[in-house]
Amino acid sequence: VPARRFWRRPMPVTSPPLMIAALDAGSNAIRTVVARAASATEIRELASARWPVRLGHGAFTRKQLDARTMTRAVEVFLKFRNLLDRYDVNKYYAVATSAVREASNRDALISRIRRETGVELVAIDAREEARLARVAVFSEATSQFAPRAIVDLGGGSLEISFLRGRKVMHELALPLGSVRLMETYGLAGSFTPNAFARLRRHVTSVLKSHGRATTLSGRRAVVACGGNAEALARLAPGQRVAGFNTIDLSRLDERLWEIVHMDVEDRKAAFGVRRDRAEVIGVAAVVLAALGEWLGASHLVVPAVG
C-alpha cells in the first residue's frame with residue numbers, strides 16, 4: 001500500500017495572540033493603548049487612557065523637567081504598569097518625545113521610572129517620532145491613499161514628512177509645538193491682537209526659512225496628526241477624504257480670531273474640550289493655519305491616529 005495513502009497534511013501551527021501596549025509620553029499629555037494582536041493586521045484595542053501630565057511645562061523655557069511634573073509622570077507610569085500586569089502584556093513600546101529629549105535632567109526621570117515602575121521609557125529623536133506617525137497613518141489608510149505630506153503637530157515640535165508615494169523625500173523637525181509656543185509667548189489664555197500677529201509672524205517666518213513647500217509637494221492631500229488637529233477638525237470640518245475627517249483651512253481661517261480671542265473657560269464650554277486642550281488649541285490653530293498656507297493646501301486630512 002503506498003505510504004502516501006496514510007499521509008495526513010499537518011495542522012497549521014498557529015501562534016497565540018500577543019498582548020501589546022504602546023505609550024506616548026508627549027509634551028502635553030501621556031497616552032496609552034493596550035491591544036490584542038492575532039497578526040500584524042488583526043489588532044483589537046482592549047483599553048486606552050490619557051493623562052494630562054504636561055511634561056513640556058518648563059522644559060522648553062528652562063530646559064528642565066520640574067520636580068512636581070516628574071512625580072506626576074511616575075504616578076502615571078505606575079498606572080501603566082498596572083495595565084501591563086492586568087492584561088498580561090507580552091510586548092510594549094513606551095516613548096517620550098521632545099519635552100523629555102530636550103530636558104537636561106531627562107536621565108533622572110527615565111531612571112526613576114525604571115526603578116519605581118519597572119517600565120523602560122525611551123526618549124526618541126524627531127526622525128523616529130515622524131516615522132511612527134507615518135506608520136500609524138499608513139496602517140489606517142488604503143494602499144491607494146498617497147498624501148504628499150504628513151505633519152505631526154505635538155506639544156514640543158512639528159514634524160513634516162514630504163512623500164512620493166510612501167517614500168520619504170524630505171523631512172523637517174521644527175520647534176513649533178503648541179506647548180512650546182504657548183509657554184514661550186505666554187499664550188495660555190485669550191490672545192491680544194498684538195500677540196496673535198506676533199505668533200503668526202513667528203510661525204510663518206520659521207516655515208518660510210525652509211523655502212517654498214509647494215515646490216516640494218504638488219497637489220495631493222496633506223495629512224495632519226495630533227490631538228489638536230483632531231479637535232480642530234470638529235471646529236472647522238471639511239468634506240471627508242479617503243474616509244477621514246478633514247480641516248477646511250478657509251473655515252479655520254474664518255474662525256481663527258474667535259478661537260484665539262476666547263479665554264480657556266470659554267473654549268472649554270464652546271468647544272467641549274479638556275482644560276489642557278483648551279489652553280493650547282489657540283496656538284495650534286495658528287500653527288496649522290500658517291502651515292496650510294505655506295503648503296498651499298485647502299484642507300488637512302485628519303485620520304485620528306498617532
Residues Arg54 and Glu183 bridged, charged N to O under 4.0 Å:
no
Would you check if there is a donor-acceptor pair between the side chains of Glu159 and Ser161 at a distance under 3.5 Å?
no
In the single-linkage hydrophobic clustering (I, L, V, M, F, W, Y; side-chain heavy atoms under 4.5 Å), do Val95 and Val53 co-cluster?
no
Does a side-chain heavy-atom distance below 4.5 Å link His202 with Leu181?
yes
Under the 3.5 angstrom rule, does the side chain of Thr32 hit a backbone N or O of Ala22 as a donor-acceptor pair?
yes
Rounded at 0.5 Å granularity, tell me how far CG in Leu187 sits from CZ in Arg198.
7.5 Å
With a sphere of 6.0 Å drawn around CZ of Arg127, does it hold more than 12 non-hydrogen atoms of other residues, nucleotides or ligands?
no
Can you tell me how far apart NZ (Lys167) and CZ (Arg164) are? Round to the nearest 0.5 Å.
7.5 Å
Tell me whether the count of non-hydrogen atoms from other residues, nucleotides or ligands lying under 6.0 Å of CZ in Arg31 goes above 12.
no
Arg267 side chain vs His261 backbone, donor-acceptor pair below 3.5 Å
no
Considering non-hydrogen atoms only, spot the tightest contact between Thr97 and Gly26 and give its length.
OG1-CA, 3.5 Å
Sidechain-backbone polar pair: Asn105 side chain, Leu65 backbone, donor-acceptor under 3.5 Å:
yes
Could you go step by step and tell me if Glu129 and Arg101 meet the salt bridge (Lys or Arg N to Asp or Glu O under 4.0 Å) rule?
CA-CA 11 Å; Glu129 191 174 352; Arg101 70 173 171 253; 3.0 Å; yes
In the structure I gave you, are the side-chain heavy atoms of Leu121 and Arg114 within less than 4.5 Å of one another anywhere?
no
Salt bridge check: are Glu75 and Arg72 linked by an N-O gap of less than 4.0 Å?
no
Report yes or no: do Leu199 and Leu252 belong to one cluster of Ile/Leu/Val/Met/Phe/Trp/Tyr joined by side chain heavy-atom distances under 4.5 Å?
yes
How far apart are the closest heavy atoms of Met169 and Leu163, and which atoms are they?
CG-C, 4.0 Å
Thr246 side chain to Gln239 main-chain N or O, any donor-acceptor pair under 3.5 Å?
yes
So for atom NZ, which belongs to Lys208, do other residues, nucleotides or ligands contribute more than 12 heavy atoms lying within a distance under 6.0 Å?
no
To the nearest 0.5 Å, how far apart are CG in Leu84 and CG in Asn90?
10.5 Å
Separation between CG (Leu172) and OG (Ser157), nearest 0.5 Å, reads 12.0 Å
Nearest 0.5 angstrom please: Arg180 CZ to Thr61 OG1, how far?
10.0 Å
How far apart are the closest heavy atoms of Ala21 and Phe80, and which atoms are they?
CB-CE1, 4.2 Å
Using 0.5 Å steps for rounding, measure from the NE2 atom of His210 to the CH2 atom of Trp294.
7.0 Å
Between Phe244 and Val223, does the side chain to side chain contact (heavy atoms under 4.5 Å, CB included) criterion hold? Intermediate values first, please.
CA-CA 10 Å; Phe244 300 131; Val223 167; over 6 Å; no
Are side-chain heavy atoms of Leu295 and Arg148 found at a separation under 4.5 Å?
yes
Is there side-chain contact between Arg200 and Leu256, with at least one heavy-atom pair below 4.5 Å?
yes
Does Ile124 belong to the same Ile/Leu/Val/Met/Phe/Trp/Tyr cluster as Val100, with side-chain heavy atoms less than 4.5 Å apart forming each link?
no
Looking only at heavy atoms, the pair that brings Ser98 and Phe60 closest together is OG-CZ, 3.9 Å
What do the steps show when you test Glu171 against Arg134 for side chain to side chain contact (heavy atoms under 4.5 Å, CB included), and what is the final call?
CA-CA 12 Å; Glu171 289 180 279; Arg134 293 194 301 270; 3.2 Å; yes
Give the cluster check for Leu176 versus Phe196: same hydrophobic cluster or not, with ILVMFWY residues linked at side-chain heavy-atom distances below 4.5 Å.
yes
Tell me, do Asp263 and Asp266 make a side-chain contact under 4.5 Å, heavy atoms counted?
yes
Is the backbone N or O of Ala108 less than 3.5 Å from a side-chain atom of Ser111, with the two atoms forming a donor-acceptor pair by type?
no
Exercise: identify the closest heavy-atom pair between Val264 and Gly189:
CG2-CA, 4.1 Å
Would you please name every residue forming a salt bridge (Lys or Arg N to Asp or Glu O under 4.0 Å) with Arg131, sequence neighbours left out?
Glu128
Might you point out which heavy atoms bring Leu132 and Tyr93 nearest each other, and give the distance in Å?
CD1-CE2, 4.2 Å
Using a 4.5 Å cut-off on heavy atoms from C-beta on, say whether the side chain of Pro303 contacts that of Phe138.
no
Is there side-chain contact between Phe271 and Arg277, with at least one heavy-atom pair below 4.5 Å?
no
Can we say Asp276 and Arg274 salt-bridge, meaning some charged N sits less than 4.0 Å from an Asp/Glu carboxylate O?
yes
Check whether any side-chain heavy atom of Tyr92 sits under 4.5 Å from a side-chain heavy atom of Leu83, and report yes or no.
no
Heavy-atom donor-acceptor pair, Ser205 side chain to Arg201 backbone, under 3.5 Å:
no
Give the cluster check for Val151 versus Val283: same hydrophobic cluster or not, with ILVMFWY residues linked at side-chain heavy-atom distances below 4.5 Å.
yes
Go through the steps to decide whether Arg251 and Glu254 satisfy the test salt bridge (Lys or Arg N to Asp or Glu O under 4.0 Å), and finish with yes or no.
CA-CA 5 Å; Arg251 185 175 292 183; Glu254 290 169 2; 5.7 Å; no
